[in-house]
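Reading through the structure tokens given below for one structure.
Side chains are part of it too, since the values below use all heavy atoms of this structure and drop only hydrogens, waters and symmetry mates.
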Amino acid sequence: MATIVRHTQTGSRYVLLGSGFGAFQSKKPNWFLGDLMADTTEGQHAMSCISDDSGQIYWIESSQLVVESVDGKSTHELLS
């Protein structure tokens, strides 16, 4: 069976294939002090790999998804 998720903004349903976590950091030399005080940009992204009904695979931010069912049962059934 599968885990079915719903995109919160569009209402579209997808099959959840997996999840991942990405992190990044980049440094740019400061215009005045160079590498001593480099301008740093960093962030994190929790991502989910999903598939639509045609089999297309997408990566989407996990915060934009809600689990509808796991193995044919609702989350309420599984946690009660």
Side-chain angles (χ1 to χ4, degrees):
M1 295 295 258
T3 300
I4 306 300
V5 295
R6 179 176 38 86
H7 188 251
T8 56
Q9 296 170 348
T10 64
S12 300
R13 298 174 69 211
Y14 300 96
V15 176
L16 179 66
L17 302 177
S19 60
F21 185 79
F24 67 92
Q25 182 181 57
S26 65
K27 292 187 177 193
K28 183 175 86 174
N30 184 283
W31 68 274
F32 183 67
L33 295 173
D35 286 337
L36 293 175
M37 294 291 286
D39 297 325
T40 303
T41 304
E42 59 187 9
Q44 304 169 9
H45 296 285
M47 303 294 285
S48 293
C49 185
I50 57 175
S51 175
D52 63 11
D53 58 351
S54 67
Q56 282 291 108
I57 296 173
Y58 306 95
W59 283 95
I60 189 167
E61 294 255 357
S62 296
S63 62
Q64 297 179 10
L65 298 173
V66 174
V67 175
E68 283 194 351
S69 66
V70 178
D71 294 337
K73 295 182 179 180
S74 72
T75 53
H76 178 73
E77 290 177 277
L78 293 168
L79 297 174
S80 296

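Of the possible donor and acceptor atoms, one in the side chain of Glu77 sits under 3.5 Å from a partner among the backbone N and O of Ser74.
Going from atom OG of Ser19 over to atom CE of Met47 covers 11.0 Å, rounded to the nearest 0.5 Å. We find the CZ-CG distance between Arg13 and Asp52 to be 13.0 Å, quoted to the nearest 0.5 Å. To the nearest 0.5 angstrom, Trp59 atom CH2 is 8.5 Å from Leu17 atom CG.
Under the 30°/60° scheme for interplanar angles, the aromatic rings of Phe24 and His45 are found to lie parallel.
Considering only heavy atoms from C-beta on, Ser48 comes within 4.5 Å of Leu16 through its side chain.
When all heavy atoms of Leu65 and His7 are compared, the pair lying nearest together is CD2-CA, 4.0 Å. Closest of all the heavy-atom pairs between Gly72 and Ser69 is C-CB, 4.4 Å.
Of the residues Val70, Val67, Asp71, the one that meets the side-chain contact (heavy atoms from CB on, under 4.5 Å) test with Leu78 is Val70.
Tyr14 and Ile57 fall into different hydrophobic clusters, where Ile, Leu, Val, Met, Phe, Trp and Tyr are joined by side-chain heavy atoms under 4.5 Å apart, directly or via other members.
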